[in-house]
Structure formats: C-alpha cells, structure tokens
Amino acid sequence: MEMDWLLLAEVSLAGLGTGGLYALTALAFVIIYKATRVVNLAIGEILMLGAYAFFGLAAGWALPWWVAALGALAVAGVFGAVVERTIIRPMLGESPISVFMVTVGLGSMLVGVVELIWTADPHRLPEFMPNTPILIGDAFLAPKIGYGFMVAAAVIAVFVLLFRFWRGGVALRATASDQAAAYSVGINVPGVFSLAWIVACMVAAGAGILVGSIGGISSTMGVFGLSVLVVVIVGGLDSVPGALVAGLLVGLVEALAGAYLGGEFKLLATFSLLVAVLMVHPYGLFGTREIERL
Amino acid sequence: MRIATAKETYAADEALFDTAVQRVWFAILLAALALFPFLADQYWLFLAGLAAINVISVTGLNILTGYTGLVSLGQAAFMGVGAYTVAVMEARLGTPVLLNLLGGGLVAAGVGMVFGLPSLRVKGLYLAIATIAASFILHFVFANWTSVTRGVSGINVPPAAFFGMALDTPFKLYWLIMPITVLLLLGAANLFRTRVGRAFIAVRDRDISAEVLGIPLLRTKLTSFALASFYAGVAGGLWAYFFRVVTPESFPLLLSIFLLAAIIVGGMGTILGGILGAVFMTLVPEFLKLLVGFVTPVWPDAAVHLSPVRTVVFGAMIVGFLIFEPQGLAEMWRRTRRFFHLWPFKT
Amino acid sequence: MGADAAPATPVLEVENLSLSFGGIRALNGVSFAVQPGSITSVIGPNGAGKTSLFNSISGFYKSTGTVRVDGKPIDHLHPPERAKLGLARSFQNIALFRGMTVLDNIKLGRHAHMKTGLLDALFYFGRARREEVELRREVEERIIDFLEIDHIRKAPVASLPYGLQKRVELARALAMRPRLLMLDEPVAGMNREETEDMARFILDVREEWGVPVLMVEHDMGMVMDISDHVVVLNFGQMIAQGTPREVQANPEVAAAYLGTGDVADLRRRVAAETRLPETREVA
C-alpha cells in the first residue's frame, strides 16, 4: 500500500487543530486544579454552557457576534464565581472523592438546565469566522479548525504570560505550591480560589464558543470534556506545559486513529494512551509526583 | 428506649446482629421481602427487581470505593462483562442459571482485577480517571468483538429457566433476584467482621502505615477490585435476565456515575448506606414521573420536561447530599434510631 | 539484662545502614544491636535520622547495609513480610485507622498471622469464625485488660484523647505477635502522669511478654530511667552508644544537644515540665 503523505499531513493538521482546543480547555482545568486541588469533571459542561450562552445572545437576542462572545464570557465568569462560593468552598477539606463528585453533580445539573431552556436538539452557532480555506504547503486545513487553533494559541500565550508576570498569576502559583505559606505572606487565598474559578470558567466558555462554531452545539457536547480529562491526566494534573503538549498529542492521536482505523477507534486510542502513560508515569508526563510520608 | 444488653461470650459479641431486637427486626424484614411479591403489582415488582440489581452493584462498588478508598468509574462496564458472559452462556451454551451467574461474576472479577492493576501505581483521582478508560475500552470490546457479542445489535437472552420453569415475569424473577441480593449483602456484611474487611479499611485510611503493619497493598487492592467486580458481574447477569437483551449501550459511563452517586447519597463505607442509596436513587425518577402526572393539569408541558428535570434533580441530589449530609441516608437513619433509643429521656 | 550480658544472638542487628534522599544523607553507616529482653533507646536532636532509621528497619525506605532479625538478614523482605517476622511498631504521628473502632484497630495488628481467605470471610463460617473469636479472646484477655483500655474498646479511635490513642497503638503493636517492639516517640506530647503510665506499660511488656523494645524518644528522663542501652544519632551518624550512664557522660553527646543550639528540643523539654493534663486532637 502506498502511503498518502498529503492525507497524513491533512489529518495531522486537523488533529493538531483540535488539539489546540483541547489544550485551551485543559488549561482551564489545570488553573482550577492548581489553585484549589479540585478535579473539575464539569469542565466539559462549563464549555457547553459558554457555547449556549453565546448561542442565546447571538441567535436569540440577535447581538453582534463579538458582543455575544463577551457576554458569554461574562456569564461564565459570574457562573464560576457563584459555583466557587456556594458549592466548592463548603467542600474545602472534604475528601477528594467527594469534591470531584460534587463537580459531577454540577455537570449533570448544567446539562439538565440547558435542555430545559434550549431542548436537547443540536443547534448551529452563527458564522463569525472567515471561511477562506487555509493551505499549508499542499495540505488543506478546514478554516474553522485553523482559526480556532489560532485563537486558542493566542489565548494560551496570553495566559502563560499572565502566569509569569501578573500579580494575580503569581499569587495563584504561590497558592498552588503552598497554601499555608501563601496565606502567611498575605495572599488572599480565598480570593485566589474565586479568581481561579472565574478565569477558568471564562477560558472554558471561550473554548466552548470555538468548539461550537466548528461542530455545532448540543446538550451532549460536554463529552468534549472526556478527551480533555485524558489530556490533563496524560500531561499531569498540575502542569500547564503538560496540558499544552498533551492537548496536541491527544488531538493528533485521535485524528490519526479516526482517519486510519475508523471513528469508533478514537476514544479507544486516547484512553489506551492514557492507560499506557499512567503505567509508565503515574503522575502524567509533567505532573508533580506526590511525596509519600509514613 | 433501649435497655443495655449483656453478652456472655465473645462469639455473641462478634455476631452480625448482636441483640435479640435486631434479630427480630431482621426476621420481620425477610418476611416482608417474602410477602412483597404477593401484594405488589407488576410495576412495583419491576421496580423491586431493578432496585435489587442496583443494590448488588452498588454494594460491590461500596466495598471498593467506600471501604477500600479506591474510586472507580468502571463499575457499569464490569456489570456489562457479567451481562455479556451470562447472555453468551445462556444463549449459546444453555448452561444452568446459577452457573451462568457465577460465571458472570467470576469473569467480571477477572477483568476487574486487570483494570485494577494500575491501582498499584496510580492513586486517588488519577485512578478514578484510569477506570473511565476501563469503561471505554470495554465498550469498544462489546461493540466490536462481533463473533461473541454480536456487535451493536446485541444479544437477545432467553428467559432464565429454573427446574424447567421459565422465569419470564417480574414476579418469577423476583424469587431469583431477591435471595441472591440478600445472600450477597450478608456476605458483604460478614466481610467486615474479618481480617479481609479490616485490611480494606486500613488501606483506605492509611495505606502506607497499613503496609508496615503487615498488609500487602497490591493483593488487598486487587482483592477489593475482584470482589467489587464480582458483585457487578452478578448484578449485570441478573440485569441480562431482567431486560432480556444486552447491547453495548446498556452499560454507559453514566450508569457508573449513577452507582457512585448512590453510595454518596446512601452513605460511603456502610452496607446499609449502599442499600438505601441504591433503592432511593432507583425510586427518585419514578417519583418524578408521578409528580409530572400531578402537575400536568396545570402545566401541560410537564411531560416534555421530565427528562431534563430528572437530569437536574440527579445532579442536585449529589451536590446537596455532599454539602448538607455527607454521611448520606445511613447517617440520617442512625440519627433517627438514636432518637428512639434514648427517647423519652433525651430528645 | 544489659548489653554486656550473655553472648546470645541479638534480636535485631543493624549493620552499616545508610540512606540518602537525593543528595542528603539521612543515615550514614549506622550499626547497633538490640539484645534479647533489653530496652534500647535511640536519641538525638531533631532531624538526626531517628525516624528514618525506624522506617528503614521496617523496609519502607530502601536503605543500604544489612538488617538482621534473630541472625537472619531481612534486606530482601517487603514491609508486610517484615511485620510478619514480628517487627511490630508504633508511629510518631499516630497511625490509627480512623474508620475503625479501638477493637478493630488492635485486631488489625494480627492480620499477617491469620489465614481467613476471601471465601471464608464472605460466609463467616468455619475458619473465619474460629479465628475471629480466638483473636477476640486473646486481644481481650492479654492486651485490652493489660493496657487498661477495656472502657473504650468499642469507641471509634478518632474520638479518643491523644494519650489513649498512643496506648491503642501500643495495643495494636502487641497484637502483631512482636519479636521486637519498635516505638516511635511513645510519650511525645504526654503530660507527666501519662508518661509514667506509658513507661510502666513498656517495662511490663518487657517483663510479662519477654519482648525487647527499641524506641525513639525525646523525653530524656524516661530514656535514662528505663533503657538498658542507648544509641545516639546526630546528622545521620551514630556518635555514641552504651549504657545510659556512659552516654550521659559522653562530651560529644552533650555537644550534639547543646552545641547545636536545638531550641525546639529545649522548648519542648520546658513545655513538658509545665504542661497541664489535657487531651488533644491529632490531625
């Protein structure tokens, strides 16, 4: 059999494009995990919430797309603040199992609410990205995936810079590495918790708008979160570089498996990758190993 | 009010039901379970069967997650392994019911142990997510190993036959499902009177110290995985006889989440909690259906919204119990009991 | 019996034990022995490597050198197998299992010596029942009565005051069929009365059970009172060993304690003198 290099290139590009969105959503996940040690299984549903808020504002209220996008981010930010204050904070100090089950419950509530308001039927988001095809060499890349990737990359770059240099980002990193110490040097730790949830929910909502504009929205689009879960485990729950590298890797593996083996192999491939990485690197590729004490 | 009871031997103090009152209550409960099918209609018999199957699976998961501290989101997939094993044995081999159920349990236990292997290296939430992998990998096997599972069309299961009688109604199946449920529950309760159960709890509370005190971690964890999966496999086998068709979509990840939610709502790490949680979570959707019937005259669209409302309520119950009653229904039950034990001296 | 008694095989021999974490040497060529029937104490300033030494003997840390129990090397054995040999221990930060009653915590100590399998356990018939009842009798008659904890046997351990928790840990170690009892700071944080009780229990264990004791302890009064042999560690190295009198007279030991200006240790000793009887919850 002759190798079709062009096909391989196009599949890989599409995979990396999707991978960019995985990386963006994974970033939202990692922000919450780093600051609050909460494994947020509702990240896919928060992404869905963002997409639907955009849909409601752009299609329902007929706002210009960029106003709708800002509005959706604001909705997600408020949502993050409320959830952190009312659901997550009372769970501080509870077992990690309980805390992560709380987010599972939260995800379920979000799906139900979205179905109550917009029904379970799929919808299309208004077009707002240019649809001139992108050619890289001879390889064709679907414009939406291409532009989605670029937006994701830009947002990620901004966040990496914020982490490094902005006061809030530094406070967040300090809280992540030692809560008690952060507290004692005067960092407002509860404030950091709120900030992390607000920012992460906004990032996830932004990813939701991009994902929704590529493939449409439905109340089941939260399954996107499953692939993101694979990404953060493979990359390491508390690692930003891990989220980025693993996001691209998972996107690539999924696309290759889908194209060469068949659509039903996508999840099998990513979850096999997950098991393989865990057996070799129990804390992911870049995660911090927890030191065990007697 | 309860009066103190004196015991004369250590064996009496180690008994499962350690007071005469408890033994009487247990006898009354068994009698009620035996009388139930003669008083209930088809609908309630169906619900009882479904609830009992869920009780078995939830109790298995409770052994693993509630008692051993290993979170699993693969329990539904292990039910699937049991269901497929029973379906294949029944439809292809025609072996006896009890043997099929045992087979379903054992095969599921074997598969569960394989997926429990990462627990050697991976802990806590990493493990929880690794078990999601079990869900998807097994789903893939169910859907694609067509020579055995018949792929997406699934397997039709003939009714269970017991001494020549086809168990094809909820009434007849009740007599298969309920005794097995009671036996498996007694087994689980017994477990925690012995070294095996103590080792599970020790691993949950402080795994490293447990190791230094003489408890081999890997073996204990794998035993717990095997046992939880055995319970799942038997539950799945009964499920196959109950619904008479097994497809890859029968055991989704959502079912695993449902089972985990049941132990949270019921109370983690107590046998009673598993029972209460499973029954409660099985009945809530039915209760909502009832409610929709009531409000339809004033809100004609109610039926349309039943499914999303159910989804919201499901999530809200998990969140609500975790925040307001983290010990679950079992703790509410204990409080009620204590109230009556002390009454009328302290209220 | 002292260290210079009959040349019997030592219960525990530690030979040239070294342990590193990354670049830090936590233990450096430590060698000593515990004679049958003796009480041996390991002392030293904070961070001297005492608990690391215990964890290495238990097999939790992978160290180099040789550890022998009754003359046989155990370096290839995993922690549970070492526990089964009778290396029974308590922990500095109290490692009781909070989800279990006092009775179950104690019974857990016997785990490695019991044979009940999964099937026996599910049916609670035959062996499971026999073993459990036998164990219960022994725990009640030999351990619970002995340590005077019969009033709390059914209490959840999390609800107990600190001193009692330490006693339950000792009970659990006794249930392990100890060949050597390893106690990590058995009286840390106790008031004087509780300390005296614990010292009496340790002496009684030695008398009635004939089990030698190896302990890490900061309370110098107790160490000098009840030990036959004292081993002094500082910065992972053994700087002295001998009878309490010999060790006390050793100038290097005094320097290790005073010269390093171990403020924490001083403060603790002052606190031990002034502490009121109290209970305290342990995280």
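Both the backbone and the side chain of Val102(A) come within contact range of chain B, each with at least one heavy atom under 4.5 Å from a heavy atom of that chain. Only the side chain of Leu73(B) comes within contact range of chain A, with heavy atoms under 4.5 Å apart. Both the backbone and the side chain of Ile87(A) come within contact range of chain B, with heavy atoms under 4.5 Å apart. Interface residue Pro90(A): only side-chain heavy atoms are found under 4.5 Å from chain B. With a 4.5 Å cut-off on non-hydrogen atoms, Leu260(B) touches chain A through its backbone and its side chain both. Interface remark: Met279(A) contributes backbone and side-chain atoms alike to the contact with chain B (heavy atom separation under 4.5 Å). Contact annotation for Ala316(B): both backbone and side-chain heavy atoms come within less than 4.5 Å of a heavy atom of chain A.
Aromatic ring pairs are classed by plane angle as parallel below 30°, tilted from 30° to 60° and perpendicular above 60°; the pair Phe136(B) and Phe271(A) is parallel.
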For this session: Carefully, step by step, assess Ile97(A) and Met268(B) under the rule side chain to side chain contact (heavy atoms under 4.5 Å, CB included).
Result: CA-CA 11 Å; Ile97(A) 305 174; Met268(B) 281 206 258; 4.3 Å; yes

Go through Leu322(B) and Glu94(A) one step at a time and tell me if the side chain to side chain contact (heavy atoms under 4.5 Å, CB included) criterion holds.
CA-CA 9 Å; Leu322(B) 280 171; Glu94(A) 298 284 332; over 6 Å; no

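Partner of Leu278(A) under the side chain to side chain contact (heavy atoms under 4.5 Å, CB included) criterion, out of Val122(B), Ile129(B), Leu127(B): Val122(B) alone.
Counting only distance, with no hydrogens or angles, the side chain of Thr311(B) and the backbone of Val111(A) share no donor-acceptor pair below 3.5 Å.
The number of heavy atoms from other shown groups lying within 6.0 Å of CZ (Arg334(B)) is above 12. Atom CH2 of Trp145(B) has 12 or fewer neighbouring heavy atoms from other residues, nucleotides or ligands inside a 6.0 Å radius. Enclosure of atom CZ in Arg219(B) is not indicated, since only 12 or fewer non-hydrogen atoms of other residues, nucleotides or ligands lie within 6.0 angstrom.
Per-residue heavy-atom pair counts under 4.5 Å with chain A were compared for Pro326(B), Gly315(B), Ala130(B), and the maximum is reached by Gly315(B).
For the residue pair Val319(B) and Met109(A), the shortest heavy atom distance occurs at CG2-SD, 4.1 Å. Closest approach of Phe100(A) to Ala128(B), counting heavy atoms only: CZ-CB, 4.0 Å. The two residues Ala261(B) and Met101(A) have their closest heavy-atom pair at N-CE, 3.8 Å.
Note that CD1 of Ile137(B) is 4.5 Å distant from OG of Ser272(A), once rounded to the nearest 0.5 Å. Distance check, rounded to the nearest 0.5 Å: OG of Ser108(A) to CE of Met317(B) gives 9.5 Å. Note that OG of Ser98(A) and CD1 of Ile318(B) are 11.5 Å apart. Values are rounded to the nearest 0.5 Å.
Taking non-hydrogen atoms and a 4.5 Å limit, the residue list of residues 241-249 of chain A in contact with chain B is empty. Residues of residues 221-240 of chain A lying under 4.5 angstrom from chain B, judged on non-hydrogen atoms, are Leu226(A), Leu229(A), Ile233(A), Gly236(A), Leu237(A) by number.
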